[in-house]
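These notes concern the structure reproduced below.
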Amino acid sequence: MKQYSSSFFSKALYGCLLLFFSFNVAAQEKHSTFYYQRATLFEKLPTDTTDIVFLGNSITNSAEWAEIFQNPSVKNRGISGDICQGVYDRLDPVIAGKPAKIFLMIGVNDLSRGAPIDSVAAGIDRIVCKIRTESPRTEIFLQSVLPVNADFGMFAGHTKRGAEIRPLNEKLQTLAAKRNIVYIDLFSQLTTPGTELLNPAYTNDGLHLLGEGYLKWKEIVEPFIR
C-alpha cells in the first residue's frame with residue numbers, strides 16, 4: 001500500500017475541508033426503494049482492512065466481483081440507479097472498517113438526470129474527500145465513467161448525454177491528480193475502435209455490460225487489485 005507523508009495528508013485534508021464547507025448541498029435526493037434495500041443490507045455487512053470495495057451504480061451492482069477476481073475480499077457495494085449523492089449518503093458503513101482499497105465509478109445517472117458536468121465532478125470530489133478524511137489509509141481508485149451507445153435504442157436519457165462523458169472523464173482525471181489518487185481509464189478501452197461508443201461486443205443495451213465487458217474490466221483493473 002502507498003505510504004503518505006504527514007504533509008501530504010495535511011494538504012489533502014485541508015483541500016477536502018474547504019470543499020466540504022464550500023459545497024452547496026442541494027435538497028437531499030429521495031432515493032429509490034431498491035436503494036434502501038441494498039443500503040440497509042450493506043449496513044449489516046461490515047468491511048475490514050483487508051477488503052477491496054467496488055462502489056457505484058448498476059454497472060457495478062451487476063457484477064459478481066468476488067467470483068470475477070476469485071477473491072472473497074473483493075466486495076460489491078453497487079446500487080442500481082445510484083448517483084453521486086446516493087453514494088455519499090451511504091458511505092459511512094462502507095468506510096467504517098477502513099477497507100484497503102475502493103474502486104469508485106459513478107456519474108452516468110447524474111448526467112441522465114440533467115446534472116451539469118461540473119456538478120457531477122464536484123459530487124465525485126466530495127465522495128473522494130469523505131473517504132480520504134475518514135479512512136486516510138484506504139487507497140482510492142477513480143474509474144472513468146463508461147461510454148454509452150445509442151444504437152440499441154434504449155436508455156435515451158443516458159445515451160443523449162454520451163458526448164459529455166469524455167469531458168467529464170477529463171475532469172475526473174484532473175481530480176485524481178489533484179487528490180493524488182489513481183485514475184483508471186476504462187472508457188477508451190471499452191469503445192468501438194475509432195469511436196466514442198460502447199463496443200457492442202460488451203453490451204446489449206448501450207449502457208450495461210455483458211459478461212465479456214466485465215472480463216475486459218477485470219483485465220484493466222487487475223494490476224491494481226494485487
Side-chain angles (χ1 to χ4, degrees), residues 26 29 31-32 34-35 54-63 65 68 76-88 102-128 140-179 181-221 224:
E29 296 282 347
H31 303 305
S32 70
F34 182 73
Y35 174 96
F54 277 74
L55 179 61
N57 52 38
S58 60
I59 302 169
T60 297
N61 188 164
S62 297
W65 294 109
I68 287 172
N76 189 334
R77 293 297 182 268
I79 296 183
S80 181
D82 212 357
I83 57 174
C84 292
Q85 184 65 48
V87 170
Y88 185 86
I102 291 178
F103 288 78
L104 172 65
M105 183 200 294
I106 198 69
V108 71
N109 291 328
D110 297 81
L111 290 178
S112 76
R113 294 184 179 198
I117 292 172
D118 286 345
S119 174
V120 180
I124 293 169
D125 195 15
R126 192 166 171 244
I127 294 166
V128 168
I140 305 170
F141 298 84
L142 182 54
Q143 301 169 112
S144 67
V145 174
L146 299 188
V148 294
N149 190 328
D151 292 345
F152 291 86
M154 302 173 71
F155 295 101
H158 297 76
T159 59
K160 72 181 180 182
R161 303 287 299 275
E164 298 177 47
I165 294 177
R166 181 177 286 281
L168 172 58
N169 285 335
E170 290 171 354
K171 288 185 177 294
L172 298 186
Q173 188 168 12
T174 299
L175 164 62
K178 176 182 177 182
R179 300 299 183 203
I181 61 177
V182 176
Y183 174 79
I184 300 177
D185 176 21
L186 299 173
F187 179 93
S188 65
Q189 299 191 62
L190 291 174
T191 56
T192 301
T195 77
E196 294 194 349
L197 300 178
L198 181 57
N199 192 324
Y202 300 138
T203 186
N204 62 354
D205 66 10
L207 177 64
H208 301 97
L209 297 179
L210 294 168
E212 284 300 318
Y214 283 109
L215 293 183
K216 182 65 175 178
W217 190 345
K218 174 193 176 183
E219 174 189 319
I220 297 164
V221 303
F224 303 104

Checking [X] side chain against [Y] main chain: does a donor-acceptor pair fall under 3.5 Å?
| X | Y | result |
| --- | --- | --- |
| Lys218 | Ile68 | yes |
| Asn76 | Thr60 | yes |
| Arg77 | Ile102 | no |
| Ser112 | Gly157 | no |
| Asn169 | Val145 | yes |
| Asp110 | Val120 | no |

Picking from Asp82, Leu209, Asn109, what satisfies side-chain contact (heavy atoms from CB on, under 4.5 Å) with Ile59?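 Only one option passes, and that is Leu209.
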Can you name the closest pair of heavy atoms from [X] and [Y] and give their distance?
| X | Y | answer |
| --- | --- | --- |
| Phe34 | Asn61 | CE2-OD1, 3.3 Å |
| Pro167 | Ala163 | CD-O, 3.3 Å |
| Ala176 | Tyr183 | CB-CB, 3.6 Å |
| Ile165 | Val108 | CD1-CG2, 4.5 Å |
| Ser58 | Ser80 | CB-OG, 3.3 Å |
| Gln189 | Tyr202 | O-CE1, 4.1 Å |

Under the rule for salt bridge (Lys or Arg N to Asp or Glu O under 4.0 Å), what residues qualify as partners of Glu212, not counting sequence neighbours?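 Result, salt bridge (Lys or Arg N to Asp or Glu O under 4.0 Å) vs Glu212: none returned.
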With sequence neighbours excluded, what pairs up with Asp185 under the salt bridge (Lys or Arg N to Asp or Glu O under 4.0 Å) test?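 In terms of salt bridge (Lys or Arg N to Asp or Glu O under 4.0 Å), with neighbours along the sequence ignored, Asp185 is linked to no residue.
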Roughly how far apart are [X] [atom1] and [Y] [atom2], rounded to 0.5 Å?
| X | Y | atom1 | atom2 | value |
| --- | --- | --- | --- | --- |
| Met154 | Thr159 | CE | OG1 | 10.5 Å |
| Ile117 | Leu111 | CD1 | CG | 6.5 Å |
| Leu55 | Ile79 | CG | CD1 | 8.5 Å |
| Cys84 | Leu104 | SG | CG | 8.0 Å |
| Phe187 | Leu146 | CZ | CG | 9.0 Å |

Ring geometry between Trp65 and Phe54 (parallel below 30°, tilted from 30 to 60°, perpendicular above 60°):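 Parallel.
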Would you call the rings of Phe155 and His208 parallel, tilted or perpendicular if under 30° counts as parallel and over 60° as perpendicular?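 Aromatic pair Phe155/His208 classed perpendicular.
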Side-chain heavy-atom pair [X], [Y] within 4.5 angstrom cut-off:
| X | Y | value |
| --- | --- | --- |
| Asn199 | Thr192 | yes |
| Ile140 | Arg179 | no |
| Trp217 | Met105 | yes |
| Thr203 | Phe152 | yes |
| Leu198 | Leu190 | yes |
| Leu172 | Ser144 | no |
| Leu207 | Val148 | yes |

Go through the steps for Asn57 and Ile106 under the test side chain to side chain contact (heavy atoms under 4.5 Å, CB included), then give the verdict. CA-CA 6 Å; Asn57 52 38; Ile106 198 69; 3.9 Å; yes
Does Lys171 have more than 12 heavy atoms from other residues, nucleotides or ligands lying within 6.0 Å of its NZ?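 Open: at most 12 neighbouring heavy atoms sit under 6.0 Å from NZ of Lys171.
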